[in-house]
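In what follows, chains carry the letters A, B, and so on, assigned in the order in which the sequence lines appear, proteins first and then strands, with residues in each chain numbered from 1.
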Amino acid sequence: MKPPPFAYHAPRSVEEALTLLAALDGAKVLAGGQSLVPLLNMRLAEPAALIDIGRIPGLDVLEVADGHVRIGAGVTHERLRRDDAVAAVQPLLRRALDLVAHPVIRNRGTTVGSVVHADPAAEMPAVVALLGGTLEVASVRGRRSIEAADLVRGPLESDVAPDELALELRVPVAAPGTGSAFVELSRRHGDYALAGVATEVAVDGGRIVGARATFIGVGTGTAVLDLSPAVAGRDAADLDVVDVAAAVAGFVEPQDDVHADAAYRRHLAGVLAGRAVRAAAADALARAGAGVR
Amino acid sequence: MDRTTPAPEALHDVELTVNGQVRRARVPARRLLSDLLRHDLELTGTHVGCEHGVCGACTVLLDGMPVRSCLTLAVSVSGRAVTTVEGLAAEDGTLHPVQRAFQEHHGLQCGFCTPGFIMTACAFLAEEPAPDAATIRDAMSGNLCRCTGYAGILAAVAGAAEELAGTGVDPRERHRPEGAA
Ligand SMILES: Cc1cc2nc3c(=O)[nH]c(=O)nc-3n(C[C@H](O)[C@H](O)[C@H](O)COP(=O)(O)OP(=O)(O)OC[C@H]3O[C@@H](n4cnc5c(N)ncnc54)[C@H](O)[C@@H]3O)c2cc1C
Ligand code: FES
Ligand code: FES
(Lines give C-alpha, C1' and ligand atoms only; values in the text may rest on other atoms or scores of the structure.)
(Ligands and ions follow the chains in the order given, each with its own letter.)
Protein backbone atom coordinates (compact mmCIF):
# COMPACT_ATOMS: atom_id res chain seq x y z
CA MET A 1 0.00 0.00 0.00
CA LYS A 2 2.56 2.57 -1.12
CA PRO A 3 2.50 4.69 -4.25
CA PRO A 4 4.68 3.60 -7.16
CA PRO A 5 7.50 5.97 -8.15
CA PHE A 6 6.65 9.02 -10.23
CA ALA A 7 8.31 12.27 -11.19
CA TYR A 8 6.96 15.21 -9.21
CA HIS A 9 6.47 18.76 -10.40
CA ALA A 10 4.99 21.68 -8.49
CA PRO A 11 4.58 24.45 -11.07
CA ARG A 12 4.11 28.02 -9.86
CA SER A 13 1.88 29.18 -12.73
CA VAL A 14 -0.86 27.84 -14.98
CA GLU A 15 1.40 28.30 -18.03
CA GLU A 16 4.15 26.22 -16.45
CA ALA A 17 1.62 23.51 -15.58
CA LEU A 18 0.26 23.41 -19.12
CA THR A 19 3.76 23.15 -20.59
CA LEU A 20 4.52 20.23 -18.28
CA LEU A 21 1.22 18.50 -19.11
CA ALA A 22 1.98 18.84 -22.81
CA ALA A 23 5.58 17.70 -22.53
CA LEU A 24 5.30 14.75 -20.14
CA ASP A 25 3.90 11.41 -21.18
CA GLY A 26 1.57 9.84 -18.64
CA ALA A 27 1.40 12.90 -16.40
CA LYS A 28 -1.55 13.45 -14.07
CA VAL A 29 -2.77 16.49 -12.22
CA LEU A 30 -2.67 16.23 -8.41
CA ALA A 31 -5.25 18.44 -6.68
CA GLY A 32 -6.46 17.40 -3.21
CA GLY A 33 -5.33 13.82 -3.73
CA GLN A 34 -8.42 12.38 -2.03
CA SER A 35 -9.22 10.19 -5.03
CA LEU A 36 -5.82 9.99 -6.71
CA VAL A 37 -3.67 9.07 -3.71
CA PRO A 38 -5.87 6.08 -2.75
CA LEU A 39 -5.51 4.89 -6.36
CA LEU A 40 -1.73 5.32 -6.11
CA ASN A 41 -1.57 3.56 -2.76
CA MET A 42 -3.53 0.63 -4.17
CA ARG A 43 -1.43 0.81 -7.33
CA LEU A 44 -4.52 1.11 -9.47
CA ALA A 45 -2.89 4.16 -11.07
CA GLU A 46 0.76 4.44 -12.10
CA PRO A 47 1.26 7.89 -13.57
CA ALA A 48 4.76 8.64 -14.84
CA ALA A 49 4.54 12.15 -13.37
CA LEU A 50 2.35 14.17 -11.05
CA ILE A 51 1.74 17.86 -11.61
CA ASP A 52 0.82 19.24 -8.17
CA ILE A 53 -1.37 22.31 -8.72
CA GLY A 54 -1.40 23.22 -5.02
CA ARG A 55 1.28 25.89 -5.41
CA ILE A 56 -0.25 27.75 -8.33
CA PRO A 57 -1.56 31.12 -7.17
CA GLY A 58 -4.94 32.27 -8.46
CA LEU A 59 -6.68 28.89 -8.64
CA ASP A 60 -8.52 29.58 -5.38
CA VAL A 61 -11.18 31.90 -6.76
CA LEU A 62 -14.58 31.48 -5.09
CA GLU A 63 -17.16 34.14 -5.83
CA VAL A 64 -20.62 34.86 -7.11
CA ALA A 65 -20.46 36.88 -10.33
CA ASP A 66 -22.59 37.31 -13.46
CA GLY A 67 -25.28 34.89 -12.31
CA HIS A 68 -22.77 32.13 -11.60
CA VAL A 69 -20.82 30.68 -8.72
CA ARG A 70 -17.17 30.58 -9.82
CA ILE A 71 -15.31 27.71 -8.19
CA GLY A 72 -11.55 27.62 -8.82
CA ALA A 73 -9.64 24.35 -9.10
CA GLY A 74 -7.99 24.97 -5.74
CA VAL A 75 -11.26 25.35 -3.81
CA THR A 76 -11.86 22.49 -1.40
CA HIS A 77 -15.26 20.89 -0.89
CA GLU A 78 -15.26 22.21 2.67
CA ARG A 79 -14.48 25.80 1.73
CA LEU A 80 -17.28 25.78 -0.83
CA ARG A 81 -19.68 24.14 1.62
CA ARG A 82 -19.08 26.78 4.27
CA ASP A 83 -19.47 29.78 1.99
CA ASP A 84 -22.69 31.55 3.04
CA ALA A 85 -22.83 33.80 -0.03
CA VAL A 86 -22.74 30.72 -2.25
CA ALA A 87 -25.35 28.87 -0.19
CA ALA A 88 -27.69 31.87 -0.44
CA VAL A 89 -27.70 31.93 -4.24
CA GLN A 90 -27.29 28.22 -5.03
CA PRO A 91 -28.29 26.17 -1.97
CA LEU A 92 -27.97 22.81 -3.72
CA LEU A 93 -24.16 23.05 -3.56
CA ARG A 94 -24.12 23.03 0.25
CA ARG A 95 -26.91 20.45 0.45
CA ALA A 96 -24.93 18.05 -1.71
CA LEU A 97 -21.56 18.83 -0.12
CA ASP A 98 -23.01 17.97 3.31
CA LEU A 99 -23.18 14.42 1.93
CA VAL A 100 -19.73 14.29 0.33
CA ALA A 101 -17.40 12.14 2.44
CA HIS A 102 -16.41 13.29 5.92
CA PRO A 103 -15.11 16.74 6.89
CA VAL A 104 -11.54 15.46 7.08
CA ILE A 105 -11.71 14.35 3.42
CA ARG A 106 -13.52 17.54 2.39
CA ASN A 107 -10.72 19.60 3.94
CA ARG A 108 -8.39 18.46 1.13
CA GLY A 109 -10.61 17.24 -1.72
CA THR A 110 -11.57 19.79 -4.35
CA THR A 111 -14.94 20.14 -6.04
CA VAL A 112 -13.34 20.62 -9.45
CA GLY A 113 -11.26 17.47 -8.86
CA SER A 114 -14.40 15.53 -8.01
CA VAL A 115 -16.08 16.62 -11.24
CA VAL A 116 -12.99 15.76 -13.34
CA HIS A 117 -12.67 12.40 -11.56
CA ALA A 118 -16.31 11.61 -12.53
CA ASP A 119 -16.97 8.85 -10.03
CA PRO A 120 -20.49 7.50 -10.74
CA ALA A 121 -21.21 7.51 -7.01
CA ALA A 122 -20.01 11.10 -6.46
CA GLU A 123 -22.52 13.81 -5.64
CA MET A 124 -20.99 16.84 -7.36
CA PRO A 125 -20.95 15.60 -10.97
CA ALA A 126 -24.69 14.88 -10.60
CA VAL A 127 -25.28 18.36 -9.18
CA VAL A 128 -23.37 20.05 -11.98
CA ALA A 129 -25.24 18.03 -14.62
CA LEU A 130 -28.56 19.02 -13.07
CA LEU A 131 -27.81 22.70 -12.68
CA GLY A 132 -25.94 23.17 -15.93
CA GLY A 133 -22.91 25.38 -16.08
CA THR A 134 -19.49 24.91 -17.52
CA LEU A 135 -16.01 23.70 -16.70
CA GLU A 136 -13.27 26.00 -17.98
CA VAL A 137 -10.20 24.05 -19.09
CA ALA A 138 -6.88 25.00 -20.64
CA SER A 139 -3.98 23.35 -22.43
CA VAL A 140 -1.13 24.61 -24.58
CA ARG A 141 -3.62 24.14 -27.44
CA GLY A 142 -5.86 26.83 -25.95
CA ARG A 143 -8.80 27.33 -23.62
CA ARG A 144 -12.30 25.94 -23.91
CA SER A 145 -15.52 25.61 -21.91
CA ILE A 146 -17.06 22.20 -21.46
CA GLU A 147 -20.85 22.32 -21.06
CA ALA A 148 -22.23 20.37 -18.10
CA ALA A 149 -24.06 17.95 -20.40
CA ASP A 150 -20.79 16.96 -22.12
CA LEU A 151 -18.65 16.79 -19.02
CA VAL A 152 -19.00 13.17 -17.96
CA ARG A 153 -18.61 10.54 -20.68
CA GLY A 154 -18.79 7.47 -18.50
CA PRO A 155 -17.75 6.06 -15.15
CA LEU A 156 -14.44 7.72 -14.15
CA GLU A 157 -14.19 9.33 -17.57
CA SER A 158 -14.65 13.04 -18.05
CA ASP A 159 -14.24 15.10 -21.20
CA VAL A 160 -11.08 16.72 -19.79
CA ALA A 161 -8.14 15.55 -21.96
CA PRO A 162 -4.90 14.26 -20.40
CA ASP A 163 -3.03 17.45 -21.36
CA GLU A 164 -5.76 19.76 -20.06
CA LEU A 165 -5.95 21.50 -16.70
CA ALA A 166 -9.39 22.33 -15.34
CA LEU A 167 -9.26 25.92 -14.11
CA GLU A 168 -12.71 26.61 -12.75
CA LEU A 169 -16.26 25.42 -12.58
CA ARG A 170 -19.14 27.85 -13.18
CA VAL A 171 -22.49 26.87 -11.74
CA PRO A 172 -25.57 29.03 -12.39
CA VAL A 173 -27.33 30.56 -9.38
CA ALA A 174 -30.81 29.24 -8.62
CA ALA A 175 -33.53 30.76 -10.80
CA PRO A 176 -36.51 32.51 -9.17
CA GLY A 177 -39.33 30.10 -8.36
CA THR A 178 -37.06 27.08 -8.10
CA GLY A 179 -36.16 24.86 -5.19
CA SER A 180 -33.73 21.99 -4.89
CA ALA A 181 -32.83 18.96 -2.83
CA PHE A 182 -30.25 16.19 -2.63
CA VAL A 183 -31.41 12.97 -1.01
CA GLU A 184 -29.36 9.79 -0.69
CA LEU A 185 -29.08 6.65 1.35
CA SER A 186 -25.69 5.48 2.57
CA ARG A 187 -24.78 2.95 5.21
CA ARG A 188 -23.04 5.62 7.24
CA HIS A 189 -23.26 9.37 6.81
CA GLY A 190 -20.30 10.38 4.67
CA ASP A 191 -19.88 7.06 2.89
CA TYR A 192 -20.54 6.76 -0.81
CA ALA A 193 -24.29 6.33 -1.23
CA LEU A 194 -26.14 3.19 -2.35
CA ALA A 195 -28.30 5.53 -4.41
CA GLY A 196 -28.99 9.24 -4.46
CA VAL A 197 -30.90 11.87 -6.34
CA ALA A 198 -30.51 15.58 -7.01
CA THR A 199 -33.63 17.48 -8.02
CA GLU A 200 -34.63 20.94 -9.04
CA VAL A 201 -38.32 21.87 -9.06
CA ALA A 202 -39.93 24.99 -10.51
CA VAL A 203 -43.10 26.35 -8.93
CA ASP A 204 -45.49 29.01 -10.18
CA GLY A 205 -48.60 30.14 -8.33
CA GLY A 206 -48.29 27.26 -5.88
CA ARG A 207 -48.23 24.62 -8.63
CA ILE A 208 -45.35 22.59 -10.00
CA VAL A 209 -44.35 23.72 -13.47
CA GLY A 210 -41.22 21.63 -13.92
CA ALA A 211 -39.05 19.03 -12.22
CA ARG A 212 -35.74 17.42 -13.20
CA ALA A 213 -33.47 14.94 -11.54
CA THR A 214 -30.04 13.34 -11.77
CA PHE A 215 -28.98 10.21 -9.93
CA ILE A 216 -25.91 8.63 -8.40
CA GLY A 217 -25.12 4.95 -7.99
CA VAL A 218 -27.88 3.66 -10.29
CA GLY A 219 -26.13 3.44 -13.65
CA THR A 220 -27.49 6.53 -15.34
CA GLY A 221 -24.27 8.51 -15.42
CA THR A 222 -25.15 12.18 -15.32
CA ALA A 223 -28.19 11.92 -17.63
CA VAL A 224 -31.00 14.26 -16.61
CA LEU A 225 -34.51 12.82 -16.12
CA ASP A 226 -37.39 15.21 -16.82
CA LEU A 227 -39.94 14.49 -14.10
CA SER A 228 -42.33 17.21 -15.24
CA PRO A 229 -44.81 14.74 -16.80
CA ALA A 230 -45.06 13.00 -13.40
CA VAL A 231 -45.71 16.10 -11.29
CA ALA A 232 -46.53 19.16 -13.41
CA GLY A 233 -49.70 20.98 -12.42
CA ARG A 234 -49.78 19.46 -8.95
CA ASP A 235 -50.08 21.38 -5.70
CA ALA A 236 -46.55 22.17 -4.50
CA ALA A 237 -47.63 22.46 -0.87
CA ASP A 238 -49.26 19.03 -0.75
CA LEU A 239 -47.39 17.21 -3.46
CA ASP A 240 -48.54 13.83 -4.69
CA VAL A 241 -45.48 11.93 -5.95
CA VAL A 242 -47.11 8.60 -6.85
CA ASP A 243 -46.05 8.86 -10.49
CA VAL A 244 -42.44 9.75 -9.71
CA ALA A 245 -41.34 6.25 -8.70
CA ALA A 246 -42.67 4.74 -11.93
CA ALA A 247 -40.88 7.34 -14.06
CA VAL A 248 -37.66 6.73 -12.15
CA ALA A 249 -37.95 2.93 -12.32
CA GLY A 250 -38.11 3.14 -16.11
CA PHE A 251 -35.04 5.39 -16.23
CA VAL A 252 -32.44 3.95 -13.88
CA GLU A 253 -30.20 0.99 -14.74
CA PRO A 254 -28.76 -0.19 -11.44
CA GLN A 255 -26.52 -3.22 -11.05
CA ASP A 256 -26.01 -5.75 -8.31
CA ASP A 257 -22.98 -5.37 -6.10
CA VAL A 258 -21.92 -6.38 -2.61
CA HIS A 259 -23.75 -3.43 -1.07
CA ALA A 260 -27.20 -3.87 -2.61
CA ASP A 261 -28.90 -5.68 -5.48
CA ALA A 262 -30.32 -3.99 -8.56
CA ALA A 263 -33.98 -4.43 -7.61
CA TYR A 264 -33.42 -2.77 -4.25
CA ARG A 265 -31.52 0.10 -5.83
CA ARG A 266 -34.29 0.64 -8.38
CA HIS A 267 -36.89 0.74 -5.62
CA LEU A 268 -34.68 3.02 -3.55
CA ALA A 269 -34.12 5.47 -6.41
CA GLY A 270 -37.89 5.85 -6.85
CA VAL A 271 -38.54 6.41 -3.16
CA LEU A 272 -35.64 8.85 -2.81
CA ALA A 273 -36.76 10.75 -5.90
CA GLY A 274 -40.25 11.15 -4.44
CA ARG A 275 -38.77 12.55 -1.24
CA ALA A 276 -36.40 14.79 -3.13
CA VAL A 277 -39.13 16.25 -5.34
CA ARG A 278 -41.27 16.94 -2.27
CA ALA A 279 -38.37 18.58 -0.46
CA ALA A 280 -37.46 20.67 -3.51
CA ALA A 281 -41.07 21.82 -3.91
CA ALA A 282 -41.17 22.85 -0.25
CA ASP A 283 -37.86 24.65 -0.75
CA ALA A 284 -39.22 26.53 -3.77
CA LEU A 285 -42.24 27.68 -1.75
CA ALA A 286 -40.05 28.66 1.20
CA ARG A 287 -37.67 30.62 -1.01
CA ALA A 288 -40.58 32.37 -2.72
CA GLY A 289 -42.12 33.13 0.69
CA ALA A 290 -38.83 34.47 2.01
CA GLY A 291 -38.65 36.80 -0.96
CA VAL A 292 -35.52 35.17 -2.35
CA ARG A 293 -35.02 36.22 -5.94
CA MET B 1 8.24 5.76 -21.62
CA ASP B 2 10.06 2.57 -20.60
CA ARG B 3 8.58 1.55 -17.25
CA THR B 4 10.79 -1.49 -16.76
CA THR B 5 13.98 0.47 -16.05
CA PRO B 6 12.95 3.44 -13.96
CA ALA B 7 15.50 6.18 -13.46
CA PRO B 8 16.85 6.42 -9.91
CA GLU B 9 14.22 8.13 -7.84
CA ALA B 10 14.66 11.87 -7.41
CA LEU B 11 14.74 13.14 -3.84
CA HIS B 12 13.02 16.26 -2.58
CA ASP B 13 13.76 18.42 0.42
CA VAL B 14 10.77 18.62 2.71
CA GLU B 15 10.59 21.03 5.62
CA LEU B 16 7.71 20.89 8.05
CA THR B 17 7.00 22.45 11.41
CA VAL B 18 5.99 19.37 13.38
CA ASN B 19 4.56 20.00 16.83
CA GLY B 20 6.25 23.38 16.85
CA GLN B 21 9.70 22.17 15.75
CA VAL B 22 11.17 22.62 12.31
CA ARG B 23 11.96 19.20 10.88
CA ARG B 24 13.65 18.40 7.57
CA ALA B 25 13.92 15.27 5.47
CA ARG B 26 15.07 14.35 1.97
CA VAL B 27 12.53 11.94 0.52
CA PRO B 28 11.12 10.61 -2.75
CA ALA B 29 7.96 12.35 -3.98
CA ARG B 30 5.92 9.26 -3.27
CA ARG B 31 6.63 9.46 0.50
CA LEU B 32 3.27 9.75 2.23
CA LEU B 33 3.04 12.24 5.07
CA SER B 34 2.12 9.31 7.36
CA ASP B 35 5.35 7.50 6.43
CA LEU B 36 7.44 10.65 6.66
CA LEU B 37 6.21 11.14 10.21
CA ARG B 38 6.65 7.51 11.21
CA HIS B 39 9.79 6.47 9.35
CA ASP B 40 11.80 9.61 8.65
CA LEU B 41 10.91 11.59 11.76
CA GLU B 42 10.34 8.56 14.02
CA LEU B 43 7.04 9.91 15.32
CA THR B 44 5.18 6.63 15.50
CA GLY B 45 2.17 7.98 17.37
CA THR B 46 0.41 8.53 14.05
CA HIS B 47 -0.97 5.12 13.10
CA VAL B 48 -1.58 3.67 9.68
CA GLY B 49 -4.51 1.34 9.11
CA CYS B 50 -6.10 1.26 5.69
CA GLU B 51 -3.96 3.68 3.66
CA HIS B 52 -6.89 4.72 1.55
CA GLY B 53 -8.62 7.32 3.65
CA VAL B 54 -11.33 5.20 5.24
CA CYS B 55 -10.23 4.38 8.79
CA GLY B 56 -8.96 7.72 10.07
CA ALA B 57 -6.13 6.25 12.18
CA CYS B 58 -3.59 8.47 10.39
CA THR B 59 -5.45 11.76 10.97
CA VAL B 60 -3.14 14.68 11.81
CA LEU B 61 -3.64 18.44 11.82
CA LEU B 62 -2.28 20.41 8.86
CA ASP B 63 -2.17 24.09 9.77
CA GLY B 64 -4.70 23.22 12.47
CA MET B 65 -7.10 21.40 10.14
CA PRO B 66 -7.61 17.62 10.29
CA VAL B 67 -6.42 15.69 7.22
CA ARG B 68 -5.59 12.10 6.34
CA SER B 69 -1.80 11.85 6.39
CA CYS B 70 -2.01 8.64 4.31
CA LEU B 71 -3.61 10.60 1.46
CA THR B 72 -1.10 13.45 1.56
CA LEU B 73 2.26 13.45 -0.21
CA ALA B 74 4.83 14.90 2.19
CA VAL B 75 6.45 16.94 -0.58
CA SER B 76 3.12 18.61 -1.41
CA VAL B 77 2.79 20.09 2.09
CA SER B 78 6.41 21.17 2.58
CA GLY B 79 6.54 24.49 4.41
CA ARG B 80 3.40 23.88 6.43
CA ALA B 81 2.71 23.03 10.07
CA VAL B 82 1.69 19.56 11.24
CA THR B 83 0.39 18.55 14.66
CA THR B 84 0.50 14.88 15.64
CA VAL B 85 -0.65 13.13 18.80
CA GLU B 86 2.90 13.64 20.16
CA GLY B 87 2.18 17.37 20.11
CA LEU B 88 -0.62 17.23 22.69
CA ALA B 89 0.70 16.11 26.08
CA ALA B 90 2.60 18.69 28.15
CA GLU B 91 6.39 18.69 28.05
CA ASP B 92 6.41 16.97 31.47
CA GLY B 93 4.18 14.18 30.14
CA THR B 94 0.91 15.38 31.70
CA LEU B 95 -1.84 14.24 29.37
CA HIS B 96 -3.86 16.70 27.32
CA PRO B 97 -7.52 16.99 28.47
CA VAL B 98 -8.73 15.06 25.42
CA GLN B 99 -6.22 12.27 26.04
CA ARG B 100 -7.21 12.16 29.71
CA ALA B 101 -10.88 11.96 28.77
CA PHE B 102 -10.20 8.95 26.53
CA GLN B 103 -8.45 7.27 29.45
CA GLU B 104 -11.19 8.09 31.95
CA HIS B 105 -14.15 7.18 29.76
CA HIS B 106 -12.67 3.94 28.36
CA GLY B 107 -12.37 5.50 24.93
CA LEU B 108 -9.77 2.92 23.95
CA GLN B 109 -8.91 -0.72 24.24
CA CYS B 110 -6.05 -1.70 21.93
CA GLY B 111 -5.35 1.97 21.18
CA PHE B 112 -4.64 1.55 17.49
CA CYS B 113 -7.37 3.95 16.37
CA THR B 114 -6.88 6.34 19.27
CA PRO B 115 -4.42 8.89 17.83
CA GLY B 116 -6.73 9.47 14.87
CA PHE B 117 -9.79 9.84 17.08
CA ILE B 118 -7.94 12.21 19.39
CA MET B 119 -6.68 14.46 16.59
CA THR B 120 -10.15 14.51 15.03
CA ALA B 121 -11.68 15.34 18.42
CA CYS B 122 -9.19 18.16 19.10
CA ALA B 123 -10.00 19.84 15.79
CA PHE B 124 -13.72 19.30 16.29
CA LEU B 125 -13.76 20.74 19.82
CA ALA B 126 -11.77 23.76 18.69
CA GLU B 127 -14.64 24.54 16.37
CA GLU B 128 -17.61 23.23 18.39
CA PRO B 129 -16.79 23.84 22.05
CA ALA B 130 -20.27 22.84 23.27
CA PRO B 131 -21.46 20.01 21.01
CA ASP B 132 -24.56 17.89 21.63
CA ALA B 133 -24.46 14.09 21.45
CA ALA B 134 -25.65 13.92 17.84
CA THR B 135 -23.04 16.40 16.66
CA ILE B 136 -20.30 14.43 18.42
CA ARG B 137 -21.48 11.20 16.81
CA ASP B 138 -21.47 12.81 13.38
CA ALA B 139 -18.03 14.37 13.87
CA MET B 140 -16.49 11.06 14.92
CA SER B 141 -18.21 9.01 12.20
CA GLY B 142 -15.27 9.28 9.82
CA ASN B 143 -13.04 7.21 12.12
CA LEU B 144 -13.20 3.46 12.66
CA CYS B 145 -12.58 1.54 15.87
CA ARG B 146 -12.71 -2.25 15.94
CA CYS B 147 -12.58 -2.63 19.72
CA THR B 148 -14.64 -0.26 21.77
CA GLY B 149 -18.06 -0.18 20.15
CA TYR B 150 -17.67 3.61 20.14
CA ALA B 151 -19.72 4.34 23.29
CA GLY B 152 -16.60 5.12 25.34
CA ILE B 153 -15.18 7.28 22.56
CA LEU B 154 -18.34 9.38 22.32
CA ALA B 155 -18.42 9.71 26.10
CA ALA B 156 -14.77 10.78 26.08
CA VAL B 157 -15.38 13.54 23.56
CA ALA B 158 -18.38 14.77 25.55
CA GLY B 159 -16.31 14.63 28.73
CA ALA B 160 -13.45 16.54 27.13
CA ALA B 161 -15.87 19.20 25.88
CA GLU B 162 -17.17 19.67 29.41
CA GLU B 163 -13.69 19.85 30.85
CA LEU B 164 -12.53 22.37 28.27
CA ALA B 165 -15.68 24.52 28.48
CA GLY B 166 -14.95 28.09 29.46
CA THR B 167 -11.17 27.57 29.76
CA GLY B 168 -10.38 29.41 26.54
CA VAL B 169 -7.89 26.61 25.75
CA ASP B 170 -7.43 25.73 22.07
CA PRO B 171 -7.47 21.93 22.19
CA ARG B 172 -5.22 21.76 19.12
CA GLU B 173 -2.35 23.15 21.14
CA ARG B 174 0.08 21.43 23.46
CA HIS B 175 -1.32 21.05 26.97
CA ARG B 176 -0.03 23.45 29.63
CA PRO B 177 -0.79 22.17 33.10
CA GLU B 178 -2.03 24.82 35.47
CA GLY B 179 0.76 26.58 37.24
CA ALA B 180 3.26 25.74 34.51
CA ALA B 181 4.98 28.64 32.79
C1 LIG C 1 -12.74 7.90 2.47
C2 LIG C 1 -13.23 8.72 1.31
C3 LIG C 1 -14.59 8.90 1.15
C4 LIG C 1 -15.06 9.67 0.09
N5 LIG C 1 -16.41 9.83 -0.03
C6 LIG C 1 -16.89 10.57 -1.06
C7 LIG C 1 -18.30 10.77 -1.20
O8 LIG C 1 -19.12 10.30 -0.40
N9 LIG C 1 -18.72 11.48 -2.27
C10 LIG C 1 -17.83 12.02 -3.17
O11 LIG C 1 -18.27 12.67 -4.11
N12 LIG C 1 -16.52 11.87 -3.05
C13 LIG C 1 -16.02 11.15 -2.01
N14 LIG C 1 -14.66 10.99 -1.90
C15 LIG C 1 -13.77 11.57 -2.96
C16 LIG C 1 -13.48 13.05 -2.75
O17 LIG C 1 -14.65 13.80 -2.98
C18 LIG C 1 -12.35 13.55 -3.66
O19 LIG C 1 -11.84 14.64 -3.01
C20 LIG C 1 -12.69 14.03 -5.03
O21 LIG C 1 -13.32 13.00 -5.72
C22 LIG C 1 -11.45 14.40 -5.87
O23 LIG C 1 -10.94 15.66 -5.57
P24 LIG C 1 -9.38 15.86 -5.28
O25 LIG C 1 -9.13 17.32 -5.27
O26 LIG C 1 -9.00 15.11 -4.09
O27 LIG C 1 -8.72 15.26 -6.62
P28 LIG C 1 -7.44 14.34 -6.83
O29 LIG C 1 -7.55 13.08 -6.06
O30 LIG C 1 -6.21 15.15 -6.66
O31 LIG C 1 -7.63 14.03 -8.39
C32 LIG C 1 -8.68 13.19 -8.85
C33 LIG C 1 -8.58 13.05 -10.38
O34 LIG C 1 -8.95 14.27 -11.02
C35 LIG C 1 -7.85 14.81 -11.75
N36 LIG C 1 -7.87 16.26 -11.49
C37 LIG C 1 -8.08 16.86 -10.28
N38 LIG C 1 -8.08 18.20 -10.41
C39 LIG C 1 -7.87 18.46 -11.73
C40 LIG C 1 -7.78 19.66 -12.49
N41 LIG C 1 -7.92 20.85 -11.92
N42 LIG C 1 -7.55 19.56 -13.83
C43 LIG C 1 -7.43 18.34 -14.42
N44 LIG C 1 -7.51 17.17 -13.74
C45 LIG C 1 -7.73 17.23 -12.42
C46 LIG C 1 -6.62 14.11 -11.25
O47 LIG C 1 -5.63 14.03 -12.25
C48 LIG C 1 -7.16 12.74 -10.88
O49 LIG C 1 -7.27 11.94 -12.01
C50 LIG C 1 -14.15 10.26 -0.84
C51 LIG C 1 -12.78 10.07 -0.68
C52 LIG C 1 -12.31 9.31 0.38
C53 LIG C 1 -10.84 9.10 0.52
S1 FES D 1 -4.57 4.93 7.31
FE2 FES D 1 -5.19 6.87 6.62
S3 FES D 1 -7.33 6.73 6.74
FE4 FES D 1 -6.73 4.69 7.21
S1 FES E 1 -9.28 0.76 20.46
FE2 FES E 1 -8.73 -0.90 19.19
S3 FES E 1 -9.32 -0.11 17.24
FE4 FES E 1 -10.13 1.37 18.55
Between A:Arg43 and B:Glu51, is the closest basic N to carboxylate O distance under 4.0 Å?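 Salt bridge: no.
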Is there side-chain contact between [X] and [Y], with at least one heavy-atom pair below 4.5 Å?
| X | Y | answer |
| --- | --- | --- |
| B:Val77 | A:Arg108 | yes |
| B:Pro28 | A:Tyr8 | no |
| A:His102 | B:Val54 | no |

Measure distances from [X] to the heavy atoms of chain B and classify the residue's part below 4.5 Å as side chain, backbone, both or neither.
| X | value |
| --- | --- |
| A:Leu30 | side chain |
| A:Asn107 | both |
| A:Leu40 | neither |
| A:Arg55 | side chain |

Could you walk me through whether A:Phe6 and B:Leu73 satisfy the side chain to side chain contact (heavy atoms under 4.5 Å, CB included) test, starting with their C-alpha distance in whole Å, then the side-chain angles of each, then the deciding distance to 0.1 Å, before giving a yes or no? CA-CA 12 Å; A:Phe6 48 80; B:Leu73 300 179; 3.8 Å; yes
Let's test your reading of the structure: which of [options] forms the most heavy-atom pairs below 4.5 Å with chain A?
| options | result |
| --- | --- |
| B:Val48, B:Thr59, B:Asp35 | B:Asp35 |
| B:Cys50, B:Ser78, B:Gly53 | B:Ser78 |
| B:Arg30, B:His52, B:Arg68 | B:Arg30 |

Let's go through B:Thr72 and A:Val37 carefully: what are the C-alpha distance in whole Å and the side-chain angles of both, what is the deciding distance for side chain to side chain contact (heavy atoms under 4.5 Å, CB included) to 0.1 Å, and is it a yes or a no? CA-CA 7 Å; B:Thr72 304; A:Val37 179; over 6 Å; no
Quick check: are there more than 12 heavy atoms from other residues, nucleotides or ligands sitting under 6.0 Å from [atom1] of [X]?
| X | atom1 | answer |
| --- | --- | --- |
| B:Gln103 | CD | no |
| A:Glu63 | CD | yes |
| B:His106 | NE2 | no |

Any chance you could measure A:Leu36, atom CG, to B:Leu71, atom CG, to the nearest 0.5 Å?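 One finds 10.0 Å between CG of A:Leu36 and CG of B:Leu71.
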For A:Pro3 and B:Leu32, work out which heavy atoms get closest and say how close.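 That would be CG-CD2, 3.9 Å.
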Check A:Val104 against B:Pro66 and note the closest heavy-atom contact, atom names and distance.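 Taking A:Val104 first and B:Pro66 second, the nearest heavy atoms are CG1-O, 3.5 Å.
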Residue-level interface, residues 147-169 of chain B with chain A, non-hydrogen cut-off under 4.5 Å: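 When heavy atoms of chain A are the reference, residues 147-169 of chain B contributes no residue within the under-4.5 Å range.
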